[in-house]
Amino acid sequence: MMKRNNHFMRCTGLLFLLTMLHFHTLMAQQRKVTGQVSGKEGPLTNVSVQVKGTTTGAYTDDKGQFTITVPNSSAVLVVRYVGMETKEVPVGDQTTLNIILTSSASDLNEVVVVGYGTTKRTDLTGSVGSVNADELMERPSLTLQQALAGKVAGVNVNTNSGRPGGRTSVRIRGFGSIKATNDPLYVVDGIVYPSDISTINPNDIESMDILKDASATAIYGTRGANGVIMITTKKGSKKGGVVSYSGYVSAGKMARKQDVLNAKEFLATEDLAYANAAKFDPTGFANGTYKDPKVKRAQYIGTLFDQNLNPLYDVDWQDAVTRTAISQGHNLSFTGGDEKSTYGLYLGYNDEQGVIKNSYAKRYTARATMDRQMTDWLKVGGTIGYVVNNEKRQDATTGGNNVTRQMIEMIPIVPFKYPDGTYGKRGDYEGMESGDNPLSQLYEDNRQYHNNVFNGNAYANIRLYKDLTFTSTFGANVRDEYDPYFNSTLSNLANDYGKNYAEITSYRSTFYQWENHFSYDKTIGKDHRISATVGQEIQKLNYLKYVVAVQSLSDDYYGWNNLGSASTVNTPTSEAYSWAMASFFARANYAFKDRYLVTVTGRYDGSSRFGADNKFAFFPSAALGWRVSEEPFLKDNPTVNNLKLRASYGLTGNSEIGQYKSLANMTSNTLIFNGTRAAGTVISTMANPDLKWEKTRQVDVGFDLSLFNSRLNFAADYYKKNTRDLLLDAPVPATSGYTTLTRNIGSLMNSGFEFSVNSVNIDRKDFSWNTTLNFSTLKNRITALGSNNEDIYMTPSFLDFTNILRVGKSVSSFYGYVREGTWGTAEETQAAKYGAKPGDLKFKDMNNDGQINSQDRTIIGKGIPDWYGTISNSFRYKQFDFLLELQYSYGNDVFKLAEHSSEDRTGIANSFSTVLNAWTPEHQNTPIAQIRPTAAGYTSKLDNHKVEDGSFLRGKNISLGYNLAPATCKKMGIGNARVYVAAQNFFLITKYTGYDPETTTWDDTFAQGMQFHDYPKARTVMLGLNVTF
Amino acid sequence: MHIMNRSIIVLLSLSLMGMTGCSKFLEEKNPSSITIDNYYKNATQAQSAVDGAYEQLRVFQNTDGYGENPWISMEMLVGHAKTLGQSTYNSSMIKHTAGTSDPVFMSVWKGFYNGISNCNVAIQHIPDVSMDDTQKSNLMGQLYFLRAFYYYQLVRLYGDVPLVLEAVNANSPLLYPSRTSAAEVYDQIVKDLQLAETSSLPTTDVTGRVSVMAVKSLLSSVYLTMAGYPLQKGTAYYQLAADKAAEVINSGNYQLFTSYAYLHDRAHKNGSEFILQVQYSGSIIFNNITRLIIPEKIGISKFGDEYGSLMPYNQFVASYEPGDKRAEEKQFFFTNYNGRDFGEYALYKYWLEEAANPTTGDANSDENWTLFRLPEIMLIYAEASNEVNGPTDAAYTQINAIRSRANLPALSGLTKDAFRQEIWKERYHELAFEDKAYFDIQRTHMMYDLPNNVFVDATSKPNIQGITFTTKYYIWPLPQNELDANKNLTQNDEWK
């Protein structure tokens, strides 16, 4: 009765009266209908059967049968089941119905999450890639970026480190910026997610929609230039209580090793260096600067050598610091609900151990979600979640003697521990560069990251009129992170031996977003459908960071837990900033005859980051779609069941440039007067009141094609993005007191082709075979830089700037010298002109001026690929499923900077085995210089010998699963269960000689592919179980 | 739900939308730092700004690379020391094969111009601060000295350099300056120092700040340089140099240390022989000086890194007169430590026992870097007055005081030319490796021919490393990055 009273209250005039009459008539003809729902394999349980337009519903039992009360003969039953095509069955006069459902291999009815709303895929005019929960969990991963890798064309996910958590970078359609961020925008349940996205548990994700072109991203205006990833988390279920568990245990081992010298080879190389000392430093040799290694080793008889000067130890440090790492992950969820309310509780625990000992990432997540249809016009809901993420890393301090470097460069003749229990150190053997042995450093250097994130949102959805709804969403994100670090007296990574060092870095940021919008959907007549969204949004973030560091604590025991025990206190520092944004946005969609589609969006953004004169900007886009398959000439075509052409054009912006760049900031420095500390104040950044947004114009054309009843699906896009007003730290003359000024001067272009295929090759009762392939190309070119298009050198700087921005070339262009090999004995006079001798490295004199200096550098490689993608084949045979996923990348190079210290020089540390191929008078055709003591002078430059082809083909995932039969499940009292065994990163084919060509050891913008001793990747074997109750 | 209630919701939300368009919400206010417009409001801020301008005195200790600091690079050019094999840039300074993109040229250029810029901004704003006049004059005096000091380094190293005397922002015409002639730069330096000399700076200072004596010391050095190459202003400026130096010496404020050890221990920092030092302390502000002079990786000290960046040649140590205390073991040089023989000479002058001792050291390399000490002023007096009048008693007194501390017999009865040679030798021997030698070569165009113990034209013969000076190396190149950033600048001729 309540329902009808509510109906009474909704005054919509004539329509209301008709509805009333309708109801009265229906009530008189109510009757029971029974039936059975089956799929290809037989009856289906738990299928939802609902009377269309009402809340009357039922579910099929274990025999696939249902009973439902229908109001009259014109009732229509809507039959829904996951993975199957929803079917609408008119009841008519039947009392028994036999309904067959077909599997939905196609995603035509799929709903896609776009900004501030959803769209049916058939109506979509933009370029959006989608991944659902099953696809995301094909390869169970710690972070959602790793899970997303390879799933969507145009989205290049690189896992750049073997450490737990992976140091991933996500790039959608290339690099759109140099100084502002290149990361996409992450939106979780409608709210921007400002914290590290790897704090979200991939198991909590229902679906991800990746917005790639301007039509989809422009509604995010100034944050949409790098693409937007819309994440929808799992909510409750309408079908009553479900408990589900998914978990895995995995074992990982270092996938590849690098060849380094063993004890015998190391000592032989040292002997060879001494033998060549006179050649390269005759004066020094005559002065007695060089000590005969045999004489030197005699000092160590009994400790490092035996009576015959054979080494007592021969340690393989790569083996010593790595292990078989056992990791596990467990996810438990409780969901429940009915047609009006749904709720869910999601718990997750992950413990990923790294292949290097004493490194890990542990994550604990808890999330509660609730949605309730309070009345028929008001729906509310919310989610709150808390994540605790604790990591211990062994690959920080790039460039120093950290574990990843020492596992290559620690000498093999010194042990981990001497018989008396003290640690071996590289400096124990005279003449060596000082450094810890890496195994001891694992215990004496402790670097942790503790990240706690609270994320919550709440929304209210109000139906104002039949076609008009109002939605208000509020979200908050609070991040508390503290990173403690302690380096003991027994390690010299942070401080000399005998001095310890403790530091705690803390971050706190609070973010809130409040978004309100109206949505209007109206169908006019038979042919016209319009929908519109208008809204506003505000965002604010406050950030505080503070660092305390001390040295010489009275006892290593304290670690970072008693900073007061330190005798030296470094100056504490703190830094705070905040930013705010206020925006208005609107979108209109129009569909004519369901065939011709138009979408127009606009967003007006204001940001606190920009100069006083440029705080606001407008970002529009327009897109057209043509569903050719709905045209009369294709409508009933047996081959082509869907063909849509689409094109879009629009403008997005990038405001992620850091704060306060438009102001003339001053900063503090430290001076000593009278033996004590004084704080000075000095200039820091040059003001630029003209600072404004970067703008990206993007054009996209594409098509979607489905053939043979969606057994073969294609999606293809070509895009071109032009970014102007690039924010650059343009070099300014140092005579100004500054070296850079943040300016909008520069432009670059990204273009590429994206292609995905999905085919159901075989689809029988007992056996099916699907193939998924995606292929993306990327072309990046800088089109303008600075006022004179002068080159800009980019960090990381190692020996010198490693990469260059040059007009006409791509970003991430490696820059350095060309090594032509080594000087031969026949070239002695020519070598002398360059101050070199036979056996020294020979570089190309590019400008033929008789000198090798910075004018002889050129572009020697590129960190970003030409094309990349994934091929997946999945098979099903009865209860078994099998998946094989391959990843490929072509055209990317790796800058193996590790060769500077592990190959260009020998003798003061251990080296790669490549030095055994060094120049000798008998073996002159080699790129490796003749061995000599470092004190005699050696050459090491950023050159093309260190650049290697990083193209690769990787066996990313292979898995075999077994799904328990429904009957067995029923007997055990569970809903369904799957057990599987899988292997990840199970093979790698590449010319690259390092651990893995997908690598970087820096977080700088264009550091992709540059490594200085990276953390090796693991080959993992996994055993997992998914159960629902 | 009544239509009215729903409409109220709509109206409320619309007004909320309107509110947030407020531009105040988008205002940018940096909580961690003040902007130039909001600074220089009171005496404390003025003091802090002046303190900040001292920072670039530490340019000499910039880390340009492994074992590379500007003070080392300057010594490498002279050719009296060798360096570690690993440092290709140090080697190219020794071999005179440097390139315009080598890090030291940019690190020194931008460091000193940053110091100048801080001085300019403060000099522009501090006069308007309401504060005690004496203190204000004191602060301005420090700023004038620092600006003059920074320009003095730049004009000697690079030649004609842009003269920027006011704050520069994005729209300033001085953002892309052209080169100003060295003569004009020197005139500005003298002008700034004269302003500093008459300000209310204290006469002396032992805390690390500028004093009137420091101003006079710098002036005497400036006049001496102006008298020589490239300006060659001759006798009048030698006289000015001698007069200024005399003011410092005769003030009686400074005495020579009785032991050379006091030049490099903590107890005598800012002691009686020092006029101005760049200050370091503990682990707050420290440097690499001691690490750089220890033979490479020899393992005698508390330090993890021992670079061997500056290892004096035997021939240089042999050029000291027999009996010269400074050439004895552990005065200016040492060849062994704790029973470990180096097989070569190392600079004991920069060894800091309190930090480097392998058992008792605290590994805080914090010795001060000396800019001016009394012997240099004494030798400036001797050299300058010699150029004007020939050797005088007063001149002999100065040089003999230095010699007697080194157990050397007094000089007397020399000709002007012979005396000049002795003074120059004394400069090399007393002020060895204190970044004075390269500037001496620049202003005299003469080099110390070690095997023959005489000064000859620098371009006439090779040094003990086999390198012959060319006029190109009388000056540094403008850094390549700077030329790329400013099209109004031209490179020094021989470096093009």
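Below, chain A is the first sequence line, B the second, and so on; all start at residue 1. Predicted, not measured: the structure shown is a model, and the values here were computed from it.
Heavy-atom distances place both the backbone and the side chain of A664(A) under 4.5 Å from chain B. Both the backbone and the side chain of M666(A) come within contact range of chain B, with heavy atoms under 4.5 Å apart. T739(A) touches chain B through its side chain: at least one heavy atom from C-beta onward sits under 4.5 Å away, while N, CA, C and O do not. Contacts between R743(A) and chain B at a heavy-atom distance below 4.5 Å involve the side chain alone, from C-beta outward. For Y497(A), the part lying near chain B is the backbone, with the side chain staying farther off; criterion is any non-hydrogen pair under 4.5 Å. For a residue to count as touching a neighbouring chain, one of its non-hydrogen atoms must lie under 4.5 Å from one of that chain's; by this rule D791(A) does not touch chain B. Using a 4.5 Å cut-off between heavy atoms, E433(A) touches chain B through backbone and side chain atoms alike. The parts of I683(A) that come within reach of chain B are both its backbone and its side chain, each placing non-hydrogen atoms under 4.5 angstrom from that chain. If you measure heavy-atom distances from F280(A) to chain B, you find no contacts under 4.5 Å at all. When heavy atoms are compared at a cutoff of 4.5 Å, E575(A) approaches chain B by way of both its backbone and its side chain. Interface remark: Y793(A) contributes side-chain atoms only to the contact with chain B (heavy atom separation under 4.5 Å). Heavy-atom distances place the backbone of A679(A), and not its side chain, under 4.5 Å from chain B. If you measure heavy-atom distances from I908(A) to chain B, the contacts under 4.5 Å come from the side chain alone.
For the set I36(B), V168(B), N486(B), the count of heavy-atom pairs under 4.5 angstrom toward chain A peaks at I36(B). Between chain B and the options S552(A), A576(A), G835(A), the largest number of non-hydrogen pairs under 4.5 Å is found for A576(A). Heavy-atom pairs under 4.5 Å with chain A peak, among L84(B), I284(B), L483(B), at I284(B). With chain A as the partner, the residue from N114(B), I116(B), N118(B), N120(B) showing the most heavy-atom pairs under 4.5 Å is N118(B). Comparing G343(B), A170(B), A53(B), G99(B) by heavy-atom pairs within less than 4.5 Å of chain A, the highest count is held by A170(B).
The aromatic rings of F105(B) and W495(B) sit perpendicular, their planes meeting at an angle over 60°, well past the 30° parallel limit.
No salt bridge links D856(A) with K941(A); every basic N to acidic carboxylate O contact stays at or beyond 4.0 Å.
More than 12 heavy atoms of other residues, nucleotides or ligands lie within 6.0 Å of NZ in K487(B), so this atom counts as buried by the packing criterion. Heavy atoms from other residues, nucleotides or ligands lying under 6.0 Å from OH of Y543(A) number more than 12.
Nearest approach of L57(B) to Y150(B), heavy atoms of both residues: N-OH, 3.4 Å. Here the closest heavy-atom approach between residue G304(B) and residue D496(A) is recorded as N-OD1, 3.0 Å.
Every residue two or more places apart in sequence or in another chain was checked for a salt bridge (Lys or Arg N to Asp or Glu O under 4.0 Å) with D205(B), and none qualifies. Partners of E344(B) by salt bridge (Lys or Arg N to Asp or Glu O under 4.0 Å), not counting sequence neighbours, listed by chain and number: K82(B).
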